[in-house]
Every structure is written in C-alpha cells, then in structure tokens.
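Working notes, structure below.
Per chain, numbering begins at 1; letters A, B, ... match sequence-line order. In this text, all values refer to a predicted model and were calculated from it rather than measured experimentally.
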There are 2 protein chains.
Amino acid sequence: MSELNTVNPARYKRSRQRQRILSLLQEVNNHPTAEWIYSYLKPGLNSLSMGTVYRNLRILEEQELVRRMCNGSGVDRFDAKMEPHSHFICRHCGEIEDLDVGPLTGLIREMEVMTGHLIEAQRLDFLGICSKCRTQKWH
Amino acid sequence: MSELNTVNPARYKRSRQRQRILSLLQEVNNHPTAEWIYSYLKPGLNSLSMGTVYRNLRILEEQELVRRMCNGSGVDRFDAKMEPHSHFICRHCGEIEDLDVGPLTGLIREMEVMTGHLIEAQRLDFLGICSKCRTQKWH
DNA sequence: ATTCTTGCAAAAGTTTTGCAGGCAA
DNA sequence: TTGCCTGCAAAACTTTTGCAAGAAT
C-alpha cells in the first residue's frame, strides 16, 4: 500500500515538502486550491514557497497520486481521492462534495462501440443547490 | 426560435461583435477558445479586440446562450450547443467530440434523495484515446 | 438623450520557470 | 558526487477592467 502512496523513487527523490503536500491532500476532503495548501503548510514548513507547491502538484498529478479539478473560477483544485467518484458542486455556496458513483460501465461500453474511441476515464459533476443552501430563503 | 438565439433586448443592445461571436459559436463544433474566436473573426471585423471577445462571452454565458468548458490546460473553451450532451476528450490529440448522452435521470434522482441536494445540471466527460490516434503506433 | 458597447492599454490573478544554493541518495 | 529539489523573483499567460469615444435605441 505504501508503494502506491509515493512517487516513483527511480525518478524522484523524497522531499519533505512533497510528502507534506501529499499527506495533506490525502487527509482532507475539501478539494483545496494551491493557495490553501500553501497557507496550511507554511506555518510548519517555514521556507515553503508557492513555486514548490505548484511544482509538486504537477509531479503528483503526473504520478497519478493527485487529480486536478478545474471549475469555472480560474483556480484549480486538487484531490487525492483516486477511486472513481463524482462531485456535487453547489452553485450558491461553492461547496464541493464527493458522491460515490462508480464507473458508468454500461454507458462507457456503448459509447466505445458507437465511436471507436478507447474510454479510459470519466468525469462526472452534478451542479445545483446543496441541502444547506436550500433551507435558506434565497432559494 | 430567433428569440432563443438572442440576448435579452431589455438588458443588452444588439452589437455586431456579439452577433458574430454567437453565430460563429453556433456554426462550429470545435469548442473554440477565446483566442481562436478572436483570430477567426478579426479579418472581417478589423477593430475587434480580445477584451470585447471576453466581455461578450461572459454575457452570452450569463444569458445561457453559451457554455464555458474548463479543461486542465488553463484556457477556457466555449460551446453554443445547449442541449444536454457529453464530451469525449482525446488525451493524445486533444480533440473534443460531442456525445449525445441525455441527462442521467435515474442517477440524478437517486443522488437527490440520498443527499437532499437539488441537482440542476450535470457535466459528463469521457477521457481516452480517439479512434484516429488508436490506429497510430504510439498507442 | 440615454445607455450600452467598443478598443485600447493597463491591471489583476494564477501558474510557470531560471537560477544559484541545498539536500537526498 | 550526482542529480533532484527548493526558495526567490521574474516572467508568462489568460482574463478582467477603467476610460473615453462610438453605436444603438
């Protein structure tokens, strides 16, 4: 299991900064931005810089330990939950919640046959108003 | 039908630039970037500027005549096909193809009951290797 | 006449990169 | 020792915005 949780050691060394970034992403479920990660880790890693955060997020993404999510806001978010799942995004408060929807196997097969493409992954987001926001008056 | 193809006239005037941007998006199916739209229209609209392109894309998006797609590249793409559909994105050549997958009604209901959220829209992308790229050696 | 729109240029905001020094193997 | 990694700062990019002039109603 620990082998799945580290970068390829033949290609990358172990650095404290990268370890902390990965551990943090694996512990939280709030799909943080690079800025949030930086602010969170900075107090315990005094010399940390944004360049390092961004560089490592790219490496972790390339090593398939982290996934990048781009919503419309222009700021990317990151997620270390790698099992296939979907997201619910509240268009009022912006909250992103994981939803356990497995791969849409039937649909994928159907699309593969119809198009001749090889489908390797899916990305499924639901947009709407979350239950908390629904109970308020503005909706 | 033409009423559905224009912005709210009580709120916005008709401008040549905006008309051209919308028409272009309704004619093509290549999910272009703002830069592509600008380059395409510039020859016939000599004074066009990028600021105008971006401003109008926002207005068209707000009027629900155009949808914004953010892939991981940091450059947004735009789509005037407003019927619910999915996308196939080739991770080799980058091509984006429309797939006619309607709303996942059953799944949406299930998720709504389970979470209490109100689901208003879905976004479904398939990622993989397109049939053209599959026939080449690099895969 | 009033209000929306444009082009231009500057600004804003996020992400990337070059470099010299530091750390890991 | 070799090569990856970091911090810093500058650069690169995409997108937004202020403003004065122009167009639409």
Side-chain angles (χ1 to χ4, degrees), chain A residues 3 6-25 31-63 65-79 94, chain B residues 3 6-25 31-63 65-79 94:
Chain A
E3 291 184 6
T6 39
V7 297
N8 178 352
R11 197 156 167 188
Y12 297 107
K13 299 185 173 171
R14 195 161 304 163
S15 88
R16 193 147 42 101
Q17 287 83 340
R18 184 156 57 231
Q19 292 284 84
R20 293 278 189 90
I21 291 169
L22 179 57
S23 300
L24 175 56
L25 278 169
H31 315 86
T33 62
E35 176 63 38
W36 189 93
I37 295 168
Y38 171 78
S39 303
Y40 191 95
L41 294 179
K42 183 72 174 175
L45 222 57
N46 265 286
S47 65
L48 184 67
S49 73
M50 281 298 288
T52 296
V53 173
Y54 276 111
R55 256 182 308 234
N56 280 301
L57 286 169
R58 277 225 170 276
I59 291 172
L60 294 171
E61 191 187 1
E62 178 244 324
Q63 295 280 297
L65 292 164
V66 158
R67 210 170 275 141
R68 181 184 301 260
M69 309 170 51
C70 15
N71 45 1
S73 73
V75 195
D76 290 351
R77 295 181 165 271
F78 298 88
D79 191 357
Chain B
E3 292 184 5
T6 39
V7 296
N8 178 353
R11 196 157 167 187
Y12 297 106
K13 298 183 174 173
R14 197 162 302 164
S15 88
R16 192 148 42 102
Q17 287 85 339
R18 184 157 56 233
Q19 292 284 85
R20 293 277 189 91
I21 293 169
L22 179 56
S23 300
L24 175 57
L25 279 168
H31 314 85
T33 63
E35 177 62 39
W36 189 94
I37 295 168
Y38 171 79
S39 303
Y40 191 94
L41 294 178
K42 183 73 176 174
L45 223 57
N46 264 287
S47 64
L48 185 67
S49 74
M50 281 297 288
T52 296
V53 173
Y54 276 111
R55 254 184 309 234
N56 280 300
L57 287 169
R58 276 223 171 278
I59 290 171
L60 294 170
E61 192 187 2
E62 178 245 324
Q63 295 281 298
L65 292 163
V66 158
R67 212 170 275 140
R68 180 183 303 259
M69 307 171 51
C70 14
N71 46 0
S73 73
V75 195
D76 290 350
R77 296 182 164 272
F78 298 87
D79 192 356

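- Applying the side-chain hydrogen bond (donor to acceptor under 3.5 Å, both in side chains) test to B:Gln63 and every residue at least two apart in sequence or in another chain returns nothing.
- Atom-to-atom distance recorded for A:Lys42:NZ and A:Asn46:CG is 6.5 Å, nearest 0.5 angstrom.
- Close to C:dG7, at under 4.0 Å from its OP1 or OP2, lies a side-chain N or O of B:Ser47.
- Remark: P of C:dC8 and OH of B:Tyr38 are 7 Å apart, rounded to the nearest angstrom.
- Rounded to an integer number of Å, the gap from B:Leu41 CG to C:dT6 C1' is 15 Å.
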Would you tabulate the nitrogen or oxygen pairs shorter than 3.5 Å linking the protein to nucleotides 13-17 of chain C?
residue: C:dT14; atom: O3'; partner: A:Gly74; partner atom: O; Å: 3.4
residue: C:dT15; atom: OP1; partner: A:Asp76; partner atom: N; Å: 3.0
residue: C:dT15; atom: OP2; partner: A:Tyr54; partner atom: OH; Å: 2.1
residue: C:dT15; atom: O5'; partner: A:Tyr54; partner atom: OH; Å: 3.3
residue: C:dT16; atom: OP1; partner: A:Arg58; partner atom: NE; Å: 2.6
residue: C:dT16; atom: OP1; partner: A:Arg58; partner atom: NH2; Å: 2.2

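- A:Glu35 is linked by a side-chain contact (heavy atoms from CB on, under 4.5 Å) to A:Thr33, A:Tyr38, A:Ser39, A:Met50, counting only residues two or more places apart in sequence or in another chain.
- Judged as a side-chain hydrogen bond (donor to acceptor under 3.5 Å, both in side chains), and not counting sequence neighbours, A:Ser23 has no contacts.
- Applying the salt bridge (Lys or Arg N to Asp or Glu O under 4.0 Å) test to A:Asp79 and every residue at least two apart in sequence or in another chain returns nothing.
- When the side-chain hydrogen bond (donor to acceptor under 3.5 Å, both in side chains) test is applied to B:Tyr54, no partner is found at least two apart in sequence or on another chain.
- With a 4.5 Å cut-off on side-chain heavy atoms, A:Val66 and A:Ile21 do not count as touching.
- Within residues 11-21 of chain A, the residues approached by DNA chain C to less than 4.0 Å at the level of any non-hydrogen atom are A:Lys13, A:Arg14, in residue-number order.
- For the side-chain contact (heavy atoms from CB on, under 4.5 Å) test, residues two or more places apart in sequence or in another chain that qualify with A:Glu62 are A:Arg11, A:Tyr12.
- When the C1' atom of D:dT14 is taken as reference, atom CD1 of B:Ile37 falls 14 Å away, rounded to whole Å.
- When the side-chain contact (heavy atoms from CB on, under 4.5 Å) test is applied to B:Thr52, the partners found at least two apart in sequence or on another chain are B:Gln17, B:Leu48, B:Ser49, B:Arg55, B:Asn56.
- With sequence neighbours left out, the salt bridge (Lys or Arg N to Asp or Glu O under 4.0 Å) criterion links A:Arg68 to A:Glu61, A:Asp76.
- Taking atom CG of residue B:Leu45 and atom P of nucleotide C:dC8, one finds them 12 Å apart after rounding to whole Å.
- In this structure, CG of B:Leu48 is placed 12 Å from C1' of C:dC8, rounded to the nearest angstrom.
- As a whole-Å value, the separation of B:Asn46 CG from C:dT6 C1' is 14 Å.
- C:dT5 atom C1' lies 15 Å from atom CD of B:Glu62, rounded to whole Å.
- Each end of the helix from C:dA1-D:dT25 to C:dA25-D:dT1 gets its own axis, taken as the rotation carrying the C1' atoms of four end pairs onto the next four within a five-pair window, and the two axes meet at 40° to the nearest 10 degrees.
- Every residue two or more places apart in sequence or in another chain was checked for a side-chain contact (heavy atoms from CB on, under 4.5 Å) with A:Ser47, and none qualifies.
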